[in-house]
Amino acid sequence: MRRRMMLQRVAVVGAGAAGLCAARHILSRVHSFTHPVVFELSNSIGGTWCYDERVGTDDHGRPIHSSMYRDLRTNLPKEVMMFPDFPFDPQLNSFLPHQEVQRYLETYCQSYDIRPHIRFNTAVEKVKPVVVATEEEERTTWEVTSSDLSGRQKTETFDSVFVCSGHYSNPHVPHIPGIESFKGKVLHSHEYRYPELFSGQSVVLLGAKASGLDISIELAKVGAKVTLSHGRPRLTCPLPAGIQQSSSVVAVEEDGSLRFQDGCVGAADVLMFCTGYSFSFPFLDAPQLGLEVQDHLVSPLYRFLLPPAFPSLFFIGICKIICPFPNFDCQVQFALAVLDGSVSLPLPAQMEDEVRRELRDKAERGVHQRHLLVMEQDQWEYCQTLASTAGFPPLPPVVHSLYDEVWRQRQVHPENYRRNNYRLIGDARWELIH
């Protein structure tokens, strides 16, 4: 992309951690960008970190965005979670209740004076590319149509759009044959807030990843009889009394009992789906953008960021199993370097070929389609590549090192690993405090 002398105007969809990060870096580049416009559906910042005890819809009939539950604590230490240039309060424990993360984001917002640029209670209805041709060049602008609580619509033009709307608000509920015959309560972890409601009940949780395991432990502590139903290898770590494992639920019988993959049949009062979330961007016309949006995959996105045909549209934080805030920070800085001309992109066809090749290589290695955006250990080389290409400081190696240590601890002590506290010693070393 050619550098343009005019200041560029950027729309940011969402005022969660990713959107705040985008706004913070746009505001710091006064010679390239005007002040951003941040569209936020709710009346507060924080996105999924903003706890709301309500489920379903809010007072205005809009869906509750957050999937936060009352007693959630982070499964990453603050030393790994933080934005690279904005540490948490060092007096806090390493593993934080969600209220402290929300407070951190509010401090971040205040420190960079982001709030004046956020339009609260504003829904983005449509983001539409408009190709503008002049004698010198052909470029894309973006018409963003938004609406306030009264339903009044407004359409504005931007040079770029950052999609920071998250992917933890649209529950993925796989179909189970006969589910309509189940006599008990059916819900998704998106609607779970606290365990006391389930005391004394038998609860089958579908899925044994982070939320399934954490919610199981919470439920067992209030006397629920918990069955952790999943198709993964059996967990070998110690689980609290009251939690048993089973194979996947494959059907509900006519009498309301559950049939499991191994042939066993059992009853339950509650069936809770801890089965993750689906991508949803109702304000985008994906085919027009050359994109395919499926439950667990958005493609093709060059560097997991931008559609090759429209390189001024950026999806921040779309990857899974990452250190979220550091990842957002690297993606935002790379995206802004593309916009200001510091980074030159390949031709659209080359970018698309690269994306297709990467996804094909993953699939040939046996990665299931629903896991193609899972990064895990690939995240470090990815962030390093973004930093070296765009010329900003890479993540310090201590982040990778401590992340791996906590991952190991979580496999061994899923109930107790959060008792540890850590301290960073420079960019390369950490220590266990107690």
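Remark: N420 CG to L402 CG distance equals 10.0 Å, nearest 0.5 Å. With values rounded to the nearest 0.5 angstrom, N327 atom CG is found 3.5 Å from I322 atom CD1. Going from atom CZ of F39 over to atom CG of N121 covers 13.5 Å, rounded to the nearest 0.5 Å. Here I45 contributes atom CD1 and C109 contributes atom SG; the two are 4.5 Å apart, rounded to the nearest 0.5 Å. The line from OH of Y277 to NE2 of H190 is 6.0 Å long, rounded to the nearest 0.5 Å. The line from CG of D58 to NE2 of H65 is 12.0 Å long, rounded to the nearest 0.5 Å.
Taking a cutoff of 4.0 Å between a charged side-chain nitrogen and a carboxylate oxygen, R54 and D59 qualify as a salt bridge.
Taking the ring centroids of F304 and Y382, they lie under the 6.0 Å cut-off. In this structure, F315 has its ring center closer than 6.0 angstrom to the ring center of F281. In this structure, W380 has its ring center closer than 6.0 angstrom to the ring center of Y403.
Here the shortest heavy-atom pairing between P394 and A387 reads CA-CB, 3.7 Å. Nearest heavy atoms, E415 versus P240: OE1-CG, 3.4 Å. Contact between V124 and F283 at its shortest, heavy atoms only, is O-CB, 3.6 Å. Nearest heavy-atom pair, A268 versus V204, reported as atom, atom and distance to 0.1 Å: CB-CG2, 3.7 Å. Across all non-hydrogen atoms, the minimal contact from F95 to R73 is O-NH2, 3.4 Å. Taking all atoms of both residues into account, the shortest heavy-atom contact from S312 to S160 is O-OG, 2.8 Å.
Residues R356 and P300 form a side-chain contact, since some pair of their non-hydrogen atoms from C-beta on lies under 4.5 Å apart. Between Y51 and L72 the shortest side-chain heavy-atom distance does not fall below 4.5 Å. Using a 4.5 Å heavy-atom threshold, the side chains of S248 and F260 count as separate.
In K225, the NZ atom is not crowded: 12 or fewer heavy atoms of neighbouring residues, nucleotides or ligands sit closer than 6.0 Å. In this structure, Q110 places its CD atom where only 12 or fewer heavy-atom neighbours from other residues, nucleotides or ligands lie under 6.0 Å away. For E381, the CD atom counts as loosely surrounded, since its 6.0 Å shell holds 12 or fewer non-hydrogen atoms of other residues, nucleotides or ligands. Within 6.0 Å of NZ in K221 there are 12 or fewer heavy atoms belonging to other residues, nucleotides or ligands. The number of heavy-atom neighbours closer than 6.0 Å to CD of E254, taken from other residues, nucleotides and ligands shown, is 12 or below.
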Stepwise, does the side-chain contact (heavy atoms from CB on, under 4.5 Å) test hold for D361 with R365? CA-CA 6 Å; D361 289 349; R365 294 201 306 269; 4.2 Å; yes
Walk me through it: do T227 and Q244 pass the test side chain to side chain donor-acceptor pair (under 3.5 Å)? CA-CA 5 Å; T227 300; Q244 63 176 358; 3.0 Å; yes
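For S401 and W430, the side-chain atoms include at least one donor-acceptor pair closer than 3.5 Å. Side-chain contact of S66 with Y168: a donor-acceptor pair under 3.5 Å is absent, judged by distance alone. E100 and Q102 share no side-chain donor-acceptor pair at under 3.5 Å. Looking at H230 and Q245, their side chains do bring a donor and an acceptor atom within 3.5 Å of each other. When only modelled atom types and interatomic distance are considered, H400 and Q377 share a side-chain donor-acceptor pair under 3.5 Å. S202 and D269 are linked by a side-chain donor-acceptor pair at a separation below 3.5 angstrom, with hydrogens and angles left out of the test. S42 and E40 share a side-chain donor-acceptor pair at under 3.5 Å. When only modelled atom types and interatomic distance are considered, E218 and Y192 share a side-chain donor-acceptor pair under 3.5 Å. Between the side chains of E125 and S147, at least one donor N or O lies within less than 3.5 Å of an accepting N or O. There is a side-chain donor-acceptor pair under 3.5 Å between E79 and S94. Side-chain contact, T48 with S67: no donor N or O sits under 3.5 Å from an acceptor N or O. Side chain to side chain, D329 and H25 meet the donor-acceptor criterion of an N or O pair below 3.5 Å. Remark: the T275 side chain and the H172 side chain contain no N/O donor-acceptor pair separated by less than 3.5 Å. There is no side-chain donor-acceptor pair under 3.5 Å between Y302 and E358.
Applying side chain to side chain contact (heavy atoms under 4.5 Å, CB included) to V10 and the options W142, F162, F314 leaves one that passes, F162.
Under the 6.0 Å distance and 45° angle rule, R9 counts as a cation-pi partner of F158. Judged by a 6.0 Å distance limit and a 45° cone about the ring axis, R24 is positioned over the six-membered ring of Y112.
Annotation: salt bridge (charged side-chain N to carboxylate O under 4.0 Å, His left out) contacts of R29 (sequence neighbours excluded): none. The salt bridge (charged side-chain N to carboxylate O under 4.0 Å, His left out) test applied to E196 returns R70, not counting sequence neighbours.
Contacts classified as side-chain hydrogen bond (donor to acceptor under 3.5 Å, both in side chains) and involving residues 385-398 (residues at least two apart or in different chains) are not found.
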